[in-house]
Amino acid sequence: MGLFDFVKGIGKKNTAAPVPQPTPQTAPATLVEPSAQEVANKLLGLIQSLGFSVEGLSVTYNGSKDLATIKGEVKSQADREKIILVVGNVDHVAQVDDQMTVAEPAPASQFYTVKAGDSLSKIAQKFYGDTAQYQKIFQANQPMLKDPDEIFPGQALRIPQ
């Protein structure tokens with residue numbers, strides 16, 4: 001699919017957050033950026049923890065470009081898009097280079113970046129003309145979304161056709 005841009009610094013902080021380093025009591029605590037390998041390992045673990053089945057999955061991360069590259073073969077276009085969004089919605093990632101292949105190709109969904117004041121109902125009204133279609137968006141973004149009310153500005157979502 002190619003290269004996808006995301007808003008850096010707004011995503012999940014607990015997945016690839018800076019690691020506090022021990023310091024002497026007289027010095028203020030400092031945060032050290034995780035290594036590229038640490039971020040890649042955390043992204044790989046995140047994908048696996050959500051139960052995505054990807055044959056030959058590999059994730060690399062280039063810290064100087066804030067770029068995550070994902071390779072492997074997924075069964076569906078929906079899984080491909082969800083994996084891109086899972087990785088792109090992490091704090092340290094500004095771009096995702098999708099090099100995955102799909103066993104059963106299908107038309108791609110649109111991606112939408114949440115704005116302040118948005119809700120899934122508002123987004124459903126914009127794309128489908130019906131606020132009740134928010135469940136369609138919620139289901140299209142599971143397992144990343146656990147609750148339809150827990151979206152945040154800057155987060156990218158799948159909008160199925």
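From a predicted model like this one, the values you see are computed outputs, not experimental measurements.
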Taking side-chain contact (heavy atoms from CB on, under 4.5 Å) as the criterion, tell me which of Leu46, Val59, Ile70 meets it with Val87.
Ile70
Counting distance only, does the side-chain N/O of [X] pair as donor-acceptor with the main-chain N or O of [Y] below 3.5 Å?
{"X": "Arg80", "Y": "Val74", "answer": "no"}
{"X": "Lys75", "Y": "Glu104", "answer": "no"}
{"X": "Asn62", "Y": "Lys65", "answer": "yes"}
{"X": "Lys82", "Y": "Gln142", "answer": "yes"}
{"X": "Glu38", "Y": "Ser35", "answer": "yes"}

Rounded to the nearest 0.5 Å, what's the gap from [atom1] on [X] to [atom2] on [Y]? Could you check?
{"X": "Thr131", "Y": "Gln125", "atom1": "OG1", "atom2": "CD", "answer": "6.0 Å"}
{"X": "Ile159", "Y": "Lys126", "atom1": "CD1", "atom2": "NZ", "answer": "9.0 Å"}
{"X": "Phe138", "Y": "Met144", "atom1": "CZ", "atom2": "CE", "answer": "10.5 Å"}
{"X": "Leu50", "Y": "Ile83", "atom1": "CG", "atom2": "CD1", "answer": "9.0 Å"}
{"X": "Ile137", "Y": "Lys122", "atom1": "CD1", "atom2": "NZ", "answer": "13.5 Å"}
{"X": "Ile47", "Y": "Ser53", "atom1": "CD1", "atom2": "OG", "answer": "12.0 Å"}

Indicate yes or no: at least one non-hydrogen side-chain atom of [X] is less than 4.5 angstrom from one of [Y].
{"X": "Gln48", "Y": "Leu57", "result": "yes"}
{"X": "Ser119", "Y": "Tyr134", "result": "no"}
{"X": "Asp118", "Y": "Tyr112", "result": "yes"}
{"X": "Leu3", "Y": "Asp98", "result": "no"}
{"X": "Ile123", "Y": "Ile151", "result": "yes"}
{"X": "Leu157", "Y": "Leu145", "result": "yes"}
{"X": "Val93", "Y": "Leu43", "result": "yes"}
{"X": "Ile84", "Y": "Met100", "result": "yes"}

Going by the salt bridge (charged side-chain N to carboxylate O under 4.0 Å, His left out) test, which pairs reach into residues 145-161, not counting sequence neighbours?
Glu81-Arg158
Hey, can you tell me if Phe111 and Phe4 have their rings parallel, tilted or perpendicular (30° and 60° cut-offs)?
tilted
Distance-minimising heavy-atom pair for [X] and [Y]:
{"X": "Ser109", "Y": "Pro160", "value": "OG-CA, 3.6 Å"}
{"X": "Val54", "Y": "Gly72", "value": "CG1-CA, 3.9 Å"}
{"X": "Gln77", "Y": "Pro107", "value": "CG-O, 3.7 Å"}

Strictly by modelled atom types, are [X] and [Y] linked by a side-chain donor-acceptor pair under 3.5 Å?
{"X": "Gln95", "Y": "Asp5", "result": "yes"}
{"X": "Asn41", "Y": "Tyr61", "result": "no"}
{"X": "Gln99", "Y": "Asp97", "result": "yes"}

Is the NZ or CZ atom of Lys136 both under 6.0 Å from the centre of the six-membered ring of Tyr128 and within 45° of that ring's axis?
yes
Does the pair Leu85 and Phe6 meet the rule for a side-chain contact (heavy atoms from CB on, under 4.5 Å), with working shown?
CA-CA 9 Å; Leu85 291 175; Phe6 291 86; 3.8 Å; yes
